[in-house]
Each structure stands twice: as structure tokens, then as C-alpha cells.
Amino acid sequence: MGSSGINAEYMGSSGINAEYMGATMAEYFGGGSAALLSRPPFRVPFGAVGVVMLYDEVSDSRICDALTGCVVGLCHCRGFTPAGGDTLQVIREAGTWRCVGLGIVRGIDMAKRVFYVSTPVAPALLRDINVIVRGNTQLPGSLAFPTSVLERARYLACDVLDKVGSGSASMKGKKTAHGT
């Protein structure tokens with residue numbers, strides 16, 4: 001296993017054992033949805049990072065939709081300077097990124113122009129992050145859905161971002177495109 005806790009032998013093979021990968025990812029993120037969501041997410045301003053979509057062509061207007069609820073690489077690219085301010089910079093050219101760890105984009109506050117990212121990566125290492133990379137790594141069901149029939153699905157509930165500083169205040173009362 002590498003320093004990130006993910007077995008690299010399974011990452012590169014075409015016959016990835018999905019059950020093994022899901023269990024490994026759940027362990028990396030703390031054991032399950034309850035453990036992951038018990039920690040407040042980190043606030044990442046749009047202007048502090050560039051965004052890379054590795055395998056999908058996504059229009060700039062849909063980038064935030066494509067990132068919400070996804071596993072992302074938290075990376076550093078030497079020589080890259082984010083746009084700063086509240087600008088979301090999409091990086092379309094190939095680059096070399098050093099991945100510090102993985103995170104899950106739990107939410108995006110468009111009014112404040114920030115991502116809310118949950119990760120087990122130490123805060124001291126996060127200071128070097130200047131690129132968020134979305135690949136094809138799927139969020140394991142054990143992190144997205146309840147582990148018991150009595151527990152509600154945390155990513156499908158309306159009040160999952162209910163901690164102070166999570167952006168919930170700005171989200172309350174707003175209607176989505178679907179009117180809910």
C-alpha cells in the first residue's frame with residue numbers, strides 16, 4: 001500500500017474488484033458515511049485551486065455539477081498559480097500533478113464561491129494543494145448510502161450540511177432547478 005492507504009496494484013488493473021475498492025476507499029475515508037460526515041469539511045475557495053476533469057469533456061457552466069459528490073484528487077502542480085479571487089479556473093491542458101490524497105466534494109456554495117471537501121489528509125499538507133482533479137474513481141456505496149435500513153441515506157437527505165461553517169445557512173430556503 002502507498003502512503004495514501006490505497007493499494008496501487010488494484011488501481012491500475014482493468015479488472016478492479018469493485019467490492020475490494022469500495023472497502024479500501026471506505027477505510028481510507030474513515031470507515032463509512034457516519035465517520036466521514038462527522039468531521040466538518042474544509043472550505044476551498046474557487047480562486048485557490050484549478051480544476052481538472054481527466055476523462056470527461058464538461059462545459060465550464062457544468063463543472064460544479066460534475067464535481068458535487070465526487071471523489072477527487074487533491075494535488076499540487078509545480079509552476080501553476082491559481083487565478084485567485086472568486087474565479088473558478090478550469091485546466092484543460094495536460095500537466096503533472098503530485099497527489100497528496102483524496103477528498104470528496106460534499107457541497108459547493110455558489111454564492112460564496114467555495115467547495116466543501118471532506119478528506120482525511122492532514123491540514124498541513126492541504127496548504128500545498130492548488131489543483132483538484134476529477135477522474136473516474138466512484139464514490140463507494142458505503143459512503144454514499146446508509147449501512148443499515150434504519151439509517152437514512154446521508155447524500156440523499158436535505159439536511160446533511162447542518163454544522164456551523166458548512167455552508168448550510170446559505171443553502172436553506174433556496175430552491176433547486178427541480179423546485180425542491
Side-chain angles (χ1 to χ4, degrees), residues 25 28-30 33 36-77 80-121 123 125-145 152-180:
M25 289 285 281
Y28 175 82
F29 283 107
S33 62
L36 175 67
L37 296 175
S38 68
R39 295 185 304 257
F42 290 94
R43 276 181 89 239
V44 181
F46 283 10
V49 295
V51 175
V52 175
M53 305 295 286
L54 281 183
Y55 302 109
D56 297 317
E57 268 302 313
V58 178
S59 69
D60 289 359
S61 64
R62 304 299 298 197
I63 291 289
C64 290
D65 294 332
L67 288 172
T68 303
C70 289
V71 176
V72 293
L74 304 173
C75 303
H76 176 77
C77 180
F80 171 73
T81 303
D86 65 356
T87 303
L88 178 59
Q89 185 174 357
V90 179
I91 302 169
R92 302 225 182 260
E93 65 274 355
T96 303
W97 308 286
R98 179 180 55 88
C99 187
V100 173
L102 300 175
I104 297 173
V105 179
R106 282 182 48 186
I108 299 174
D109 186 332
M110 293 302 292
K112 293 183 179 177
R113 312 287 289 168
V114 296
F115 298 105
Y116 293 98
V117 180
S118 291
T119 181
V121 175
L125 294 174
L126 292 176
R127 289 187 191 106
D128 291 336
I129 301 304
N130 61 359
V131 179
I132 293 177
V133 179
R134 179 174 177 238
N136 282 338
T137 303
Q138 300 296 314
L139 184 65
S142 62
L143 293 175
F145 300 106
R152 62 194 167 117
R154 295 180 183 272
Y155 277 95
L156 300 178
C158 294
D159 61 349
V160 294
L161 294 176
D162 59 357
K163 290 188 170 47
V164 173
S166 66
S168 63
S170 64
M171 293 181 203
K172 288 186 181 177
K174 290 188 177 184
K175 295 195 179 272
T176 65
H178 302 291
T180 57

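Given the structure is predicted, the values throughout are model-derived calculations rather than measurements. When reading the values below, keep in mind they use all heavy atoms of this one structure, side chains included, and skip hydrogens, waters and symmetry mates. Index from 1, following the sequence.
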Legend entry - Heavy-atom pair with the smallest gap, counting every atom of L67 and R134: CD2-CB, 3.9 Å
Legend entry - Minimum heavy-atom distance F29-S118, with the two atoms named: CE2-O, 3.9 Å
Inset, instruction - Mind listing the closest non-hydrogen atom pair of C64 and L88 along with its distance? - result: SG-CD2, 3.9 Å
Inset, instruction - Take F115 and D109, measure what side-chain contact (heavy atoms from CB on, under 4.5 Å) needs, and give me the verdict at the end. - result: CA-CA 6 Å; F115 298 105; D109 186 332; over 6 Å; no
Inset, instruction - Measure the spacing between CD1 of I132 and SG of C70 and express it to the nearest 0.5 Å. - result: 11.5 Å
Legend entry - Verdict with supporting geometry, F46 and K112, side-chain contact (heavy atoms from CB on, under 4.5 Å): CA-CA 9 Å; F46 283 10; K112 293 183 179 177; over 6 Å; no
Legend entry - Heavy-atom pair of closest approach, residues C75 and W97: CB-CB, 3.7 Å
Legend entry - Between CD1 on residue I108 and CD1 on residue I63, distance to nearest 0.5 Å: 9.5 Å
Legend entry - Whether over 12 other heavy atoms sit under 6.0 Å from R113 CZ: yes
Inset, instruction - Would you check if the side chain of T87 reaches a backbone N or O of Q89 as a donor-acceptor pair within less than 3.5 Å? - result: no
Inset, instruction - Establish, yes or no, whether a centroid distance under 6.0 Å links the rings of Y116 and F42. - result: no
Inset, instruction - Mind listing the closest non-hydrogen atom pair of A66 and M53 along with its distance? - result: CB-CE, 3.5 Å
Legend entry - Check: N130 side chain, F80 main-chain N or O, donor-acceptor pair, under 3.5 Å: yes
Legend entry - Among L126, V117, I129, V114, the one residue meeting side chain to side chain contact (heavy atoms under 4.5 Å, CB included) with V44: V117
Inset, instruction - Please answer whether the main-chain N or O of L102 pairs with a side-chain N or O of Y28 as donor and acceptor at a distance below 3.5 Å. - result: yes
Legend entry - Considering all heavy atoms, the nearest C77-V131 contact: CB-CG2, 3.9 Å
Legend entry - Expected output: side-chain H76 to main-chain R98 donor-acceptor under 3.5 Å: no
Legend entry - V133/L54 under side-chain contact (heavy atoms from CB on, under 4.5 Å): CA gap, chis, key distance, verdict: CA-CA 7 Å; V133 179; L54 281 183; 3.5 Å; yes
